[in-house]
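All heavy atoms count here, side chains included; hydrogens, waters and symmetry mates do not. Only a predicted model underlies this, so the values are computations on that prediction, with no experimental measurement involved.
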Amino acid sequence: MIPKSRIPEELSVIGVDGHEMGEILGLTTIDQFPRNQGTRAVERLLALVQDDDGGAAGPADELMQTRLVVRSSTAAPRIPAGHSGS
């Protein structure tokens with residue numbers, strides 16, 4: 001049996017991709033902007049194909065824009081009794 005938790009009092013829940021049901025359900029989500037990700041992926045692919053050295057630079061990490069949409073499924077962490085929080 002799975003123990004029940006009160007959301008968000010005991011457990012915060014976050015979804016990914018900004019699904020439209022998030023607004024209906026009050027789910028905090030992280031929007032990732034897939035159109036921008038796809039555009040950047042094509043730009044990088046074209047640069048590799050057009051590169052004279054055959055893409056010898058290899059893979060690279062890239063930071064993409066995201067947005068946190070806070071709704072009712074998250075709350076600040078509780079500080080247990082007897083702890084100062086610092």
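- Atoms NE2 and CG, from His19 and Leu25 in turn, are 9.5 Å apart once rounded to the nearest 0.5 Å.
- Expressed to the nearest 0.5 Å, how far OG of Ser12 lies from CD1 of Ile7 amounts to 8.5 Å.
- Thr29 places no side-chain N or O within donor-acceptor distance of the main-chain N or O of Gly15, the cut-off being under 3.5 Å.
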Evaluation steps, side chain to side chain contact (heavy atoms under 4.5 Å, CB included), between Arg67 and Ile30: CA-CA 6 Å; Arg67 178 180 61 180; Ile30 299 172; over 6 Å; no
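- Two residues are said to be in side-chain contact when any heavy atoms from C-beta on lie closer than 4.5 Å; Thr39 and Glu43 meet this criterion.
- In this structure, Asn36 and Gln65 have side chains that are in contact, with non-hydrogen atoms separated by less than 4.5 Å.
- Judged by distance alone, with hydrogens and angles left aside, the side-chain atoms of Arg71 form no donor-acceptor pair with the main-chain N or O of Gly26 at under 3.5 Å.
- A 4.5 Å side-chain heavy-atom check between Gln32 and Gln37 finds at least one atom pair inside the cut-off.
- Counting heavy-atom neighbours within 6.0 Å of Glu23 CD, excluding the residue itself, gives a total of 12 or less.
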Test side chain to side chain contact (heavy atoms under 4.5 Å, CB included) applied to Arg40 and Glu62, step by step: CA-CA 10 Å; Arg40 186 63 187 131; Glu62 229 175 282; 2.6 Å; yes
Go through the steps to decide whether Leu68 and Thr66 satisfy the test side chain to side chain contact (heavy atoms under 4.5 Å, CB included), and finish with yes or no. CA-CA 7 Å; Leu68 177 64; Thr66 59; over 6 Å; no
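- When only modelled atom types and interatomic distance are considered, Thr74 and Thr28 share a side-chain donor-acceptor pair under 3.5 Å.
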Let's go through Leu27 and Met21 carefully: what are the C-alpha distance in whole Å and the side-chain angles of both, what is the deciding distance for side chain to side chain contact (heavy atoms under 4.5 Å, CB included) to 0.1 Å, and is it a yes or a no? CA-CA 8 Å; Leu27 178 66; Met21 289 299 290; over 6 Å; no
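- Taking a cutoff of 4.0 Å between a charged side-chain nitrogen and a carboxylate oxygen, Arg78 and Glu9 do not qualify as a salt bridge.
- Residues Val42 and Leu48 do not share a hydrophobic cluster, defined by chaining ILVMFWY side chains whose heavy atoms lie under 4.5 Å apart.
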